[in-house]
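Given the structure is predicted, the values throughout are model-derived calculations rather than measurements. Labels below follow one simple rule: chain letters A, B, ... track the order of the sequence lines, proteins then strands, and each chain is numbered from 1.
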Number of protein chains: 2
Amino acid sequence: MASILGVPRSVAEIYALLYIASSPLDFDHIQGRLGISKGSVSQGLKFLRGHEMILSVKEKGARRERWQPTPSLAASLVALLRSQVLPALEQAQPGLQRVLADAQARGAQPEVIERLSRLNRWNSRALELAPLLLPPPGA
Amino acid sequence: MASILGVPRSVAEIYALLYIASSPLDFDHIQGRLGISKGSVSQGLKFLRGHEMILSVKEKGARRERWQPTPSLAASLVALLRSQVLPALEQAQPGLQRVLADAQARGAQPEVIERLSRLNRWNSRALELAPLLLPPPGA
DNA sequence: CTGATGTTTCATTAAATTTTGAACCTAGGC
DNA sequence: GCCTAGGTTCAAAATTTAATGAAACATCAG
């Protein structure tokens, strides 16, 4: 499952552990349960925090932070995918346009030009739709 | 782009090359254009063939095979995703059920049980829907 | 059958990714 | 101000994944 979403095993394990847990878990508990290093736990929590997949619950008078999953798994996954797909689409845009222009310039077969145009339109549409479907933090 | 779909760079490059090309390309042409080894080209073509993303055009009296992309890019991508996601869902099923059963058995908090049930339902529904949305070869 | 072309296989090598752990911050109690 | 629990950073080590290329295989022309 982890690999499909493109996150390291350890990150997925941390999330799964928090998701399954009966209550928020602290740093040491996570490390102990998964048997991984402090560095990995820290980085994993950082990643999950960054993607708003977990929340910390600070208890009054306690030093430690305790972590639990954000309410909506669906929202978390969408945010995660968004963060991977969008940059790729943006990066692809100029290259696609160049290739299409080249093909037109050198008078390629109509079928090829049609193929490239369609791909271009897809990419553009996806970029337009993205913000609507997957609102960035604050919408 | 390649990494999102979980295919090696070389495979993606081969597909892109064929997609952009004005006509079907043969083995040597692909190797020469991308500057990769024979082994990589062979493996890449095997993968793309296996996922029905490319077709070979055999010319009469010619020994070499020449390759071109299958007509629908959309269908290709869907097939590719299907082949990655479905097995994962199937594999997840038993584990999910076990975790849920455990939680119920030990009388976990209702909130936790609700969370796990929902995940379970999602997984089941996804498995049911998959064959309808993404028909396997021959439908 | 034989030789040559075209392709596949797979053990080895190389590259990319992940994990580790020790050094380093930081905030709060004393 | 100083000490310590709690956490972060990041270079190096370990692991995983992909690419290479030599040897094996297949197919066809002669």
So [X], base contact, sugar-phosphate only, or nothing? Heavy-atom distance under 4.0 Å.
| X | answer |
| --- | --- |
| R49(A) | sugar-phosphate |
| Q43(A) | base |
| L45(B) | nothing |

- Q93(A) and N123(A) have their tightest heavy-atom pair at OE1-ND2, 2.5 Å
- Message: Show the nearest heavy-atom pair for residues L119(A) and Y19(B), with the distance to one decimal.
- Response: CD2-CE2, 3.7 Å
- Do S3(B) and R9(B) have side-chain atoms, one donor and one acceptor, less than 3.5 Å apart? no
- Heavy-atom neighbours of R121(B) CZ exceed 12 at 6.0 Å: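 It does: R121(B) CZ has more than 12 such atoms within range.
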Value in whole Å for how far the [atom2] atom of [N] lies from [atom1] of [X]:
| X | N | atom1 | atom2 | result |
| --- | --- | --- | --- | --- |
| K46(A) | dT20(C) | NZ | P | 17 Å |
| F47(A) | dT17(C) | CZ | P | 14 Å |
| R64(B) | dC28(D) | CZ | P | 15 Å |
| W67(A) | dG7(D) | CH2 | C1' | 10 Å |
| I36(A) | dT8(D) | CD1 | C1' | 15 Å |

Check this one for me: any side-chain N or O of [X] less than 4.0 Å away from OP1 or OP2 of [N]?
| X | N | value |
| --- | --- | --- |
| S40(A) | dT20(C) | yes |
| S37(B) | dA19(D) | no |
| K38(A) | dT9(D) | no |

- Message: Reading DNA chain D from 5' onward, which residue's closest nucleotide shows up sooner: S10(B) or S42(A)?
- Response: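 Checking each residue's closest nucleotide, the 5'-ward one belongs to S42(A).
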- Message: Side chain of P8(A) only, heavy atoms from C-beta on: which candidate in dA19(D), dT18(C), dT8(C) is closest?
- Response: dT18(C)
- Could you check G6(A) against G39(A) and say which one's nearest nucleotide on DNA chain C is further toward the 5' end?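 Its nearest nucleotide being more 5', the pick is G6(A).
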